[in-house]
**Q** 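Before anything else, here's the structure in question.
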Amino acid sequence: MAYNYHRIIIKIGSNVFTQKDGLPDLKRIGSLVQQIAEIKKRGIEVILVSSGAVASGRSLISVSEKFDPIAARQLLASIGQVKLINTYSNLFEQFNILCSQVLVTKEDFRDRLHYLNMKNCLEILLQHQVIPVVNENDVVSVTELMFTDNDELAGLIASMLNAQALVVLTNVDGIYNGNPNSADATIIEEVSGSTIDFSSFVSSGKSQFGRGGMITKSTMAQKTAQLGIAVHIANGTKDNILIDVLENTVAHTHFSPNKTASGKKKWIAHSGNFATGIVRVNDGAKTALTSANASSLLPIGVINILSEFKKGDIIKIIDENDKHIGLGIAEYGSDKANDMIGHKNQKPLVHYDYLYLEC
Ligand SMILES: Nc1ncnc2c1ncn2[C@@H]1O[C@H](COP(=O)(O)OP(=O)(O)O)[C@@H](O)[C@H]1O
Ligand SMILES: N[C@@H](CCC(=O)OP(=O)(O)O)C(=O)O
């Protein structure tokens, strides 16, 4: 049965955007744009997350190896992003569709107000029938400031915009249960329910121009599905792939969505990198937090504070064996929390509405 979505994120990987020689694959991009125009005609809002700036840059200029690799990447991305957006702009124009360029960095997701500004911008673009074309701002995002890859960025945008689905286009048919080049390997078509450890059959290898590889794709997909957003990983090099995925007529990997989390919880879920505090909780608190009932984290269940935090900071919650169980927003700072640890009848350190659990 066809999927009935109203708002979707489509992520195009570098390997789908470019052909083997590194030049943008205009025929393929043209076909994807045509399908997006068709999807839009069906009343579905589309946000495109497209890689390809660095790959496009490589097709325009060659940089000697004597230059610092980080600076060389900045150069390629800065030149290549112009080509990327021009390519999309010219192709969408053929369908009387406007597209826009939205370049973001990891830092844009750190501050809740900044995050909401970005969300508002994307919403107004959608209200005006514009297709936002999102990419990482590779010119200023370097080393630890970078997203793992654009799959991570696509997951964040899907959560931010409360999309029903994220379609990740790559150069293989989906996630295989072994090496995709091996004759015995088959596609895992459905992933639902409990978390699967993909590391036993997904190799860390990447495709020619890819950055994160299939491991980061599967981790991101599981996390996104847990937040209530379906994820489809499919082969963007196949004809008519977007329409076929939405009509459910092509083999690919589908992560079915779990319960829907609130907008605030979705933001917290993706804020692990910005956590300042770390608190260790006892088994009783862990059981309460992870039970089916909505429970806040109370000071009585906290064993100790491993890293200080202020009121409003994101804190990591770990169990007695240092296993990460979730993230939350601190209702008060660690100074106050230290005085309340182990005491009964105290104000929650993390209210349930601001708590995201990973298990
Ligand atoms: N079990 C697996 N199933 C599918 N692909 C895998 C698996 N293990 C490793 N891969 C590799 O992951 C690559 C896709 O990831 P990536 O390089 O990040 O692509 P993209 O540029 O599309 O984001 C595939 O080309 C494939 O070689
Ligand atoms: N922002 C980079 C994309 C890097 C990246 O994550 O690529 P991919 O693994 O192909 O999604 C670019 O436009 O070249």
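These numbers come from a predicted model, not from an experiment. In listed order, ligands and their atoms are each counted from 1. One is the number of the first residue; the rest follow in order along the sequence.
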**Q** Below the 3.5 angstrom mark, is there an N/O of S14, backbone or side chain, next to an N/O of ligand 2?
**A** yes
**Q** Under 4.0 Å from a heavy atom of G13: which atoms of ligand 2 are those, numbered in the order shown and with their elements?
**A** 10 (O)
**Q** Considering only heavy atoms of K11, which atoms of ligand 2 have at least one such atom less than 4.0 Å away?
**A** 8 (P), 11 (O)
**Q** When you measure from the side chain of E38 to the backbone N and O of I36, does any donor-acceptor pair fall under 3.5 Å?
**A** no
**Q** Test T237 against N171 for side chain to side chain donor-acceptor pair (under 3.5 Å), laying out the working first.
**A** CA-CA 6 Å; T237 67; N171 63 345; over 6 Å; no
**Q** Closer than 4.0 angstrom: is that true for some heavy atom of N135 and an atom of ligand 2?
**A** yes
**Q** Is there a nitrogen or oxygen of R73 sitting under 3.5 Å from a nitrogen or oxygen of ligand 2?
**A** no
**Q** Could E331 and K336 be called an ion pair, given the rule that one side-chain N must be under 4.0 Å from one carboxylate O?
**A** no
**Q** Applying a 4.0 Å heavy-atom criterion (strictly less than), which segment of V172 is in contact with ligand 1: side chain, backbone, both, or neither?
**A** side chain
**Q** Taking W267 for the side chain and S159 for the main chain, is one N or O donor matched with an acceptor at less than 3.5 Å?
**A** no
**Q** Using a 3.5 Å cut-off on N or O atoms only, is V16 in polar contact with ligand 1?
**A** no
**Q** Taking only heavy atoms of G178 into account, list the atoms of ligand 1 that are under 4.0 Å away from them.
**A** 1 (N), 2 (C)
**Q** Answer whether the closest heavy-atom distance between the side chains of D108 and N137 falls below 4.5 Å.
**A** no
**Q** Y3 vs H254 aromatic rings, parallel, tilted or perpendicular, using cut-offs 30° and 60°?
**A** tilted
**Q** Which atoms of ligand 2 have any heavy atom of D149 under 4.0 Å away?
**A** 6 (O)
**Q** Below 3.5 Å, N or O to N or O, backbone or side chain included: is there any such pair between N177 and ligand 1?
**A** no
**Q** Compute the minimum heavy-atom distance from G236 to ligand 1 and say whether it is under 4.0 Å.
**A** no
**Q** Hey, is the main chain of R7 close enough, under 3.5 Å, to the side chain of Q164 for a donor-acceptor pair?
**A** yes
**Q** Which atoms of ligand 2 are found less than 4.0 Å from any heavy atom of G52?
**A** 12 (C), 13 (O), 14 (O)
**Q** So that I can tick it off, tell me whether K264 and D353 are bridged by a salt bridge, with the cut-off set at under 4.0 angstrom between side-chain N and carboxylate O.
**A** no
**Q** Is S51 close to ligand 2, meaning an N/O of one under 3.5 Å from an N/O of the other?
**A** yes
**Q** For ligand 1, which atoms have a heavy atom of S14 less than 4.0 angstrom away?
**A** 21 (O)
**Q** Taking only heavy atoms of G174 into account, list the atoms of ligand 1 that are under 4.0 Å away from them.
**A** 3 (N), 4 (C)
**Q** Tell me yes or no: between the side chains of Q129 and K40, is some donor less than 3.5 Å from an acceptor?
**A** yes
**Q** Please identify each residue that fulfils ring pair (Phe, Tyr, Trp, His ring centres under 6.0 Å) with F17, with sequence neighbours left out.
**A** Y88
**Q** Give yes or no for whether the N/O distance cutoff of 3.5 Å, strictly under, is met between K11 and ligand 1.
**A** yes
**Q** For ligand 2, indicate whether the residue D138 contacts it via side chain, backbone, both or neither (heavy-atom separation under 4.0 Å).
**A** side chain
**Q** Against heavy atoms of N15, which atoms of ligand 1 measure under 4.0 Å?
**A** 19 (O), 20 (P), 21 (O)
**Q** For D68, give me all partners under salt bridge (charged side-chain N to carboxylate O under 4.0 Å, His left out), at least two apart in sequence or on another chain.
**A** none
**Q** Give the atoms of ligand 1, by number and element, whose distance to some non-hydrogen atom of T170 is under 4.0 Å.
**A** 14 (C), 19 (O), 20 (P), 22 (O)
**Q** Any idea which atoms of ligand 1 are less than 4.0 Å away from a heavy-atom of N171?
**A** 14 (C), 24 (C), 25 (O)
**Q** Backbone, side chain, both or neither: what part of V54 comes under 4.0 angstrom of ligand 2, heavy atoms only?
**A** both
**Q** Establish, for the pair K316 and F309, whether the NZ or CZ atom is under 6.0 angstrom from the six-membered ring centre and no further than 45 degrees off its axis.
**A** no
**Q** Does a side-chain N-to-carboxylate-O contact under 4.0 Å join K238 and D173?
**A** yes
